[in-house]
Structures are given as structure tokens and as C-alpha cells.
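Take a look at the structure set out below.
Protein chains get the first letters and strands the later ones, always in sequence-line order, with residue 1 at the start of each.
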There are 2 protein chains.
Amino acid sequence: MMKHDLEYCTVEPALEVLTGKWKISILYFLFQGTKRFSELQNSIPNITKKMLTSQLRELEEQDIVRRVVYPVVPPKVEYSLSEYGYSVEPILRAMHLWGMTHIKHIQLKREIQKVQT
Amino acid sequence: MMKHDLEYCTVEPALEVLTGKWKISILYFLFQGTKRFSELQNSIPNITKKMLTSQLRELEEQDIVRRVVYPVVPPKVEYSLSEYGYSVEPILRAMHLWGMTHIKHIQLKREIQKVQT
DNA sequence: TCATAAGGTTTCCCGAATGATACTATGACA
DNA sequence: TGTCATAGTATCATTCGGGAAACCTTATGA
């Protein structure tokens, strides 16, 4: 996990929860409801089992994600957001909002550059 | 720069702006006002010139940070948040807020674990 | 003539994060 | 007897973010 330097302002815990190449994708799908391991794997193209497992384990460790194992064969494991996990929503919402305007900003910038050449 | 997978939900631009070991520290100080390169370097212990430069360049590329060069010797370069740069504040605010409660959450968790042993 | 300041750049290197691939366990079902 | 499904592990290879240290430029003042 990458470490972010800043004691003065308490922003790193959030970054620690959200950084990792697949965290956001995983959270996105879990915000839609409970998912099985294989459902997540199918929903997120290119993710490997190894990565999916490790990212889920980290989120579980941070109490964001709940893991429920059904003792059946073949195995069945369900992942869902914990109640605490839902508390990151405002952050994602703020990031999403900014992301939308940022995309417009980038486009505008490109058009200006075009005109100037 | 790390890439985050998720086209469906527009959260990656924000993460792209914020991830990088020193971005948050740099933004923190620039939110306080205009700073010279050396001021930032002195404010952020352990950061190398190379890292400070590259992080600032990325932020500049993203229109978050403004760089003003004074043609004097020895060089003088000032960095400040662009108007657009200020728009990331709600994200930082949300992250900060969550970070505070997360710290409490972690403490509580530890205490519970202590009691159980 | 030589050092100094300020803001870099360049080169080399390491370890962590991620990827690719193969392997495992186990009961149901054909 | 063999195959399949599911949710993983294990092992090895690669990539990439970041760190250390040296070098660069140029007007100025000692």
C-alpha cells in the first residue's frame, strides 16, 4: 500500500482505503449490492483472482467490506459493504462530482489549444 | 502515475490528481498561499527536489497549480493554486472528515480486540 | 577567480505493487 | 472414473513509483 505523507491534515486514511488499482471498481459494484466473488470477477474485466482477493482482503481488514462464506461445494462466498463501508460514500460522491467537471475542463482546454495552433 | 480502472463511474480523475506520495502535502501548503520552490521543500521534510518537481509538474499539467518564473539570478519560482485548483477542496474536506471518524473507528476496534483477549 | 544561491535535471538503483500462470480442495453429476 | 464449478493459493516475472547523489546554470559579491 502506498503511503501518503501528511500528519497535519487527516486525509491519508481515506486515500489508503481508496488507492489500489481496483479498489474503486470493487466499491462501485458493492455499492450496488451483495456480490459473489465470481460476479465481481466477471464485472471487472482484466482483474486477476489474485488481485481481486488481495484488494477484498484489504477492504475487509479496514471494516469496509463484509465477507460471508457458505460452507458448500463448490464454494460460495458473498461480499458486501459493511454499514461502516457506506460511510465512504460522501467521498466518492465528491470525487465523482469533481471528476465530471474535470472532464469538461480537459475538453475545454483541448479545444482552446486547437484554436491557438 | 497509477491508473485506476473504472469507466462507469467518474472517480479516477480525482484519484489521479491526489495520488502520488507528496501531492496531498503539496496541496495542503499551497492552500495556505503562494510558495516558492524552496519554501515547499523546507516545509515538507524528506522530499527530494526530484519528487517535488515531478509532483508539481503533474499538478501543473492538470491545471491545479500555477507556476510563475521570475527571470532573475538566482532563480525564483512561485507556485500557487489555480482558481480551478481550489475546486478540489470539497474532496479534501470529505476525505478529512471521514479520516477523523476512521481514526476513532480504528481505536474503538482495537479496544474491543483488547477486551476479547 | 571562486564560491554561493535557487531551481532544477540526470543517472542509477531498490522494493513494492501488479501480472501471468499453474495448482489445490471437494462434492455433485454424468 | 472422470469432469466440472468455485474460490481461492503459490510461484515467478515484470513494471513502476520513489530515493540518493551528482551535475547544471548564471549573475553576484568576497
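Between the NZ atom of A:K21 and the P atom of D:dG17 there is a distance of 11 Å, rounded to whole Å. As rounded to whole Å, 11 Å separates atom P of C:dG7 from atom CG of B:L56. When rounded to the nearest whole Å, the span between CD1 of B:I44 and C1' of D:dG18 equals 15 Å. Atom NZ of B:K23 and atom P of D:dG17 are 10 Å apart (whole Å). Atom CD of A:Q55 is separated from atom C1' of C:dG19 by 13 Å (rounded to the nearest Å). Atom CZ of B:R36 is separated from atom P of C:dG8 by 10 Å (rounded to the nearest Å).
Open room surrounds CD on A:E83; 12 or fewer heavy atoms of other groups in view lie less than 6.0 Å from it.
Looking at residues two or more places apart in sequence or on another chain, you find no side-chain hydrogen bond (donor to acceptor under 3.5 Å, both in side chains) involving A:Y86.
Within the cation-pi definition used here (under 6.0 Å to the ring centroid, within 45° of the axis), B:K76 qualifies as a partner of B:Y70.
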- Message: Can you build the contact string for nucleotides 20-30 of chain D? Use B for base contact, S for sugar-phosphate-only contact, and - for no protein heavy atom under 4.0 Å.
- Response: B-----BB---
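Not one N or O on the side chain of B:E60 forms a donor-acceptor pair closer than 3.5 Å with the backbone of B:R57. The closest donor-acceptor contact from the side chain of B:S82 to the backbone of B:D63 lies under 3.5 Å. Under the 3.5 Å distance criterion, the side-chain polar atoms of A:K114 are left unmatched by any main-chain donor or acceptor of A:R110.
Within 4.0 Å of B:Y70, counting heavy atoms only, lies no atom of the nucleic acid at all.
When distances are taken from the side chain of B:M51 to each of C:dG8, D:dG19, D:dA7, the shortest belongs to D:dG19.
Where A:I47 and B:R57 meet DNA chain C, the nucleotide closest to each residue was compared, and B:R57 sits on the side nearer the 5' end.
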